[in-house]
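Quick notes on the structure that follows.
Reminder, nothing fancy here: chain letters follow the sequence lines and each chain counts from 1. What you see below is based on every heavy atom in this structure, not just the backbone, and it leaves out hydrogens, waters and symmetry mates. Values in this document were obtained by computation on a predicted structure and should not be read as measured data.
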Number of protein chains: 2
Amino acid sequence: MDDVGVESTRPDPPTLQTVAAAAGVSRSTASRAINGEPRVSPETVEAVQRAVRELGYSPNPAARTLVTRRTGSVALVVPETGDVLFSDPYFATVLSGITAGLAPSGNQLILLIGQHPGDGNQMISYLRGGHVDGAMIISHHRADLDADALGKIPVPVVLGGRPVGATLPGMPYVDADNAGGGRLAAHHLAGTGRTRLGTITGPLDMPAGIDRLDGWRAGMREHNLADDATAGGDFTAASGATAMARLLDEHPDLQGVFVASDLMATGALQELSGRGIRVPDDIAVVGFDDLMFASTATPPLTTIRQPTREAGRLIAETLLAMLDGRTPEPAQILPTELVRRASA
Amino acid sequence: MDDVGVESTRPDPPTLQTVAAAAGVSRSTASRAINGEPRVSPETVEAVQRAVRELGYSPNPAARTLVTRRTGSVALVVPETGDVLFSDPYFATVLSGITAGLAPSGNQLILLIGQHPGDGNQMISYLRGGHVDGAMIISHHRADLDADALGKIPVPVVLGGRPVGATLPGMPYVDADNAGGGRLAAHHLAGTGRTRLGTITGPLDMPAGIDRLDGWRAGMREHNLADDATAGGDFTAASGATAMARLLDEHPDLQGVFVASDLMATGALQELSGRGIRVPDDIAVVGFDDLMFASTATPPLTTIRQPTREAGRLIAETLLAMLDGRTPEPAQILPTELVRRASA
DNA sequence: TTGAAAGCGCTACCAC
DNA sequence: GTGGTAGCGCTTTCAA
């Protein structure tokens, strides 16, 4: 046994060559056996598999990507800072749907999280670099979607949420029926006989913020009610409390409020409780999302349910379809529904 | 202009060859210019950069990785399901530290999240595949650390948190002084004259759970107090409430409680408030972490602060040092301190 | 069913 | 300071 190189330097990992030699076949055949191609004899497959096992071989992904032009991974882009991302259960839920949808394909999910607000375009350069086969972009704000920049992404992209302020040909999106949900909230609150109603909106540079407000206003109009009582939030609990305070100060006669997310609604409930205002007796509250918080809030939240997990799954499946060369629906809208609990 | 190929098929992206030709130099020179190597004439650099810009060239990462044997990315492994991950601000904070620590190196962070509890070993196979240059593993449970499996990872690994139930040579870790923090909590509560004290622990298959309990018990012994009142949680708010309920039922004379995380403490506070028990008058509460929740809780939490963000940064920097060929300290322990607020 | 050989795009060594 | 050339590990024609 030659023992060159006394240094305990890490040995080179086995290559396809090593495996082929050990199995007594050529590299080509070894490759075919490993990739499960049809025309390989059973005993050859067996021999190769044994060699793989014994050598602890695993294919070099870079080499494979170089020739197949497939990386086997897709990106999930979230142009929010980690703080926001991790404090809203919406993300956990949509992410679980995405991983579920992606699972059968064996693709690896690469999560790109914003470091600083507004560096969405920096992420886009990552997508252009050929690191991934496709991408999903969720929770985007208007500023994140520079149509020119997005257009240069050389891989399929699916959006979670309608793009706002940009036309993006060939870039399908999956969204909930936010406007329909806003209308549902309006109808429900108006249906209780309350007439002085207001809303706490999401960020108005996001489709989820804009469309829920639009739906709410449409509903108000249908009931001939004023739609002027609004305060803006940013989907965080703190902003919900602040907005609630402002709404109360400006409209002391308020009887009901539609809050555009459950997380903000928890903040609003806290503000109401702090002021000794009873829910729903004094003011009725309707939320949006129906995740976690809604049923455990005090009182349990009446809310508009959107199928968040299902949306995640659909986003992933749509991307997989595109990777497969199929052309998906340009827009897939999921229904929302009212869930009655105690708060309204 | 030849117009072969009528099909509007996506044109091949430019390669180094294309750039070199456009700049009137060889591939070698173009490569050096692009990688900022010293010995290239300024005018050459200029010409190459212009060609890059005009062609919209970006280097093929697979080809680069194949020859340099560096992927330019590192993995963050979190063997928790998305739900847990996204509901505890601990992760947001440690993640922000990690991205900050990684930033100067230009490495891309790849987040590997558990899909099902206990598939930590599946992630390990990803690490073995040569996709990344190194890895960080945080929030690991005993079951996630199979020493044999980890030993086969061919890249540097840094652990966030002391490994439990396994000796892992060459695998450094960064941790807070959890035991010290537990003792601090014991001293503080005992120092208020309360004698009937209990604790809500974290998961006892995690170092953070074990060590905080050990420290607490040591502190209790030093004050000659009984340490039998304990209930176990899993670091979620819900488990904190459940454990608090159990503790109250089993020890009606309880005067103070140390809860091993702020998130669990919020659950405990809710349970106490629901039973009409006043904090700190009837029962004093000390938490652990000092993130977000602690100061906004009702009442504001007295807690043991650990430098979470700093830990994240240190984890990243330690990994970078290893990628650089340096040998880091096998263990880096960060100090904890008592933060006095209203709850104890 | 198998093997030989070309080549994916890039870096790095060597000469000049 | 620059160019030629070999080769990273793999898949994929093309022949046999």
| task | To the nearest Å, give me how far apart CZ (A:Arg70) and C1' (D:dC10) are. | result | 17 Å

| message | Does D:dG9 have OP1 or OP2 under 4.0 Å away from a side-chain N or O of B:Arg69? | response | yes

| Which nucleotide in the set C:dT1, C:dT11, D:dC10 lies at the smallest distance from any side-chain heavy atom of A:Arg27? | D:dC10

| query | Between the side chains of B:Thr29 and B:Ser26, is a donor N or O closer than 3.5 angstrom to an acceptor N or O? | reply | yes

| task | Figure out the CG/P separation between B:Leu66 and C:dT11, and round it to whole Å. | result | 11 Å

| message | Considering every strand and a 4.0 Å limit on heavy-atom distances, what is the contact class for A:Arg64: base, sugar-phosphate, or nothing? | response | sugar-phosphate

| said: Using whole Å, what does the distance between atom C1' of nucleotide C:dA12 and atom CD1 of B:Ile34 come to? | reply: 15 Å

| message | Under 3.5 Å, is there a donor on one side chain and an acceptor on the other for A:Thr71 and A:Asp133? | response | yes

| query | Which whole-number value in Å describes the distance from B:Arg39 CZ to D:dT2 P? | reply | 11 Å

| More than 12 heavy atoms of other groups within 6.0 Å of B:Glu37 CD | yes

| query | Which of the following nucleotides, D:dC10, C:dC10, D:dT2, is nearest to the side chain of A:Thr15? | reply | D:dC10

Using a cut-off of under 3.5 Å, enumerate the N/O to N/O pairs linking the protein to nucleotides 14-16 of chain D.
none

| Polar side chain donor-acceptor pair, A:Thr93 to A:Arg309, under 3.5 angstrom | no

| Which residues satisfy the salt bridge (Lys or Arg N to Asp or Glu O under 4.0 Å) test with A:Arg313, sequence neighbours excluded? | A:Glu310

| query | Taking atom C1' of C:dT1 as reference, at what distance in whole Å does atom CD of A:Glu46 sit? | reply | 17 Å

| message | Rounded to whole Å, please give me the gap between CG in A:Asp12 and P in D:dC8. | response | 10 Å

| field | Rounded to 10 degrees, the angle between the two terminal axes of the helix from C:dT1-D:dA16 to C:dC16-D:dG1, each from five pairs | value | 30°

| query | Considering only D:dC10, D:dC8, C:dC8, which nucleotide approaches the side chain of A:Asn60 most closely? | reply | D:dC10

| said: With a 4.0 Å cutoff (strictly under), does any side-chain N or O of B:Asn35 reach OP1 or OP2 of C:dT11? | reply: yes

| note | With the side chain defined as heavy atoms from C-beta on, A:Tyr57 is closest, among D:dC10, C:dG3, C:dC10, to D:dC10

| request: Would you please confirm or rule out a distance under 4.0 Å between OP1 or OP2 of D:dT2 and any side-chain N or O of B:Ser41? | output: yes

| query | Is A:Thr44 near enough to C:dT2 that one of its side-chain N or O atoms lies under 4.0 angstrom from OP1 or OP2? | reply | yes

| field | Base C:dA12 paired with B:Ser31 side chain (donor-acceptor, <3.5 Å) | value | no

| remark: From CG of A:Leu16 across to P of C:dC8 the rounded distance in Å is 19 Å

| Pairs where residues 147-169 of chain A contributes a residue and the test salt bridge (Lys or Arg N to Asp or Glu O under 4.0 Å) is met, not counting sequence neighbours | A:Arg162-A:Asp211

Distance-only check: which donor-acceptor pairs under 3.5 Å involve side-chain atoms of residues 39-55 of chain B, not counting sequence neighbours?
{"residue": "B:Ser41", "atom": "OG", "partner": "B:Thr44", "partner atom": "N", "Å": "3.3"}
{"residue": "B:Ser41", "atom": "OG", "partner": "B:Thr44", "partner atom": "OG1", "Å": "2.6"}

| field | Side chains of B:Arg70 and B:Asn107, donor plus acceptor under 3.5 Å | value | no

| remark: A:Ala316 and A:Ile98 have their tightest heavy-atom pair at CB-O, 3.6 Å

| task | Would you kindly give the CD-to-P distance between B:Gln17 and D:dG3, to the nearest whole Å? | result | 12 Å

| task | List for me each residue that meets ring pair (Phe, Tyr, Trp, His ring centres under 6.0 Å) alongside B:His131, sequence neighbours excluded, and say none if there are none. | result | B:Tyr126

| Looking only at side-chain N and O atoms, does B:Ser26 come under 4.0 Å of OP1 or OP2 in D:dG3? | yes

| task | Identify which nucleotide among C:dA4, C:dC8, D:dG4 has an atom closest to any side-chain atom of A:Ser28, counting heavy atoms from C-beta outward. | result | C:dA4

